[in-house]
Every structure is written in structure tokens, then in C-alpha cells.
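The figures here come from the full heavy-atom set of this structure, side chains too, leaving out hydrogens, waters and symmetry mates.
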Amino acid sequence: MVKLDDISMAVIALIRAGAVFRFLYCMIRLESAEEEQMQYRKRAKNTVLFYVLAESVWQIREIVFFYYGS
């Protein structure tokens, strides 16, 4: 039986991998497209911001579960 923690770990792994690949894609496109540099720079910044927020949500979840002892 799949537990909630297993699903959580899978989602965290997908978020991490997706953010890394998206950031790398933006960096590669940033090097090749001079006229679209600002657009890809903003996308890379937003990807990093998304990653930080996503990790924060999971850390807050862990703190709440630890505090309330589920």
C-alpha cells in the first residue's frame, strides 16, 4: 500500500527535477537568444522562486506534522 509519505517524496523529487531542468533550459536559451535574454532571465528567476516556495511548503508541512504528532 502506498503511504502519504511515499507520495510526498515522489512529488518532492518531481518538483526538484523539474525545477533543475527548467533552470538549465532557461540558461541554455539565454546563451543562444540575444533578443530574448530578458524573457529567459525572468523565467529563470521565477523558476528559482518557485523552487524556494515549493521547498518551503514541504518544510512547513514537516514542521506541522512533527508538532502535532501525526
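The hydrophobic clustering, which links ILVMFWY residues whose side-chain heavy atoms are closer than 4.5 Å, places M27 and V20 apart. In this structure, I63 is not a member of the same hydrophobic cluster as Y68, with clusters built from ILVMFWY side-chain heavy atoms closer than 4.5 Å. By the rule that hydrophobic residues join a cluster once side-chain heavy atoms approach within less than 4.5 Å of another member, F50 and L53 end up as members of separate clusters. Cluster annotation: I15 is not connected to L49 through the hydrophobic network of ILVMFWY side chains, with a link wherever side-chain heavy atoms come within less than 4.5 Å. Tracing side-chain contacts under 4.5 Å through hydrophobic residues (I, L, V, M, F, W, Y), one reaches L30 starting from F23; they form part of the same cluster.
Shown here for R43 and Q39, the closest heavy-atom pair between the two residues is NH2-NE2, 2.6 Å. Counting all heavy atoms, side chain and backbone alike, T47 lies closest to A19 at CG2-O, 3.5 Å.
Residues passing the side chain to side chain contact (heavy atoms under 4.5 Å, CB included) test with R29 are Y25, S32, E36, Y40, sequence neighbours excluded.
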Does the side chain to side chain contact (heavy atoms under 4.5 Å, CB included) test come out yes or no for R16 and Y51, once each step is laid out? CA-CA 7 Å; R16 288 176 180 165; Y51 177 72; 3.7 Å; yes
May I have the step-by-step check of side chain to side chain contact (heavy atoms under 4.5 Å, CB included) for S8 and R61, ending in yes or no? CA-CA 10 Å; S8 299; R61 176 192 165 273; 3.3 Å; yes
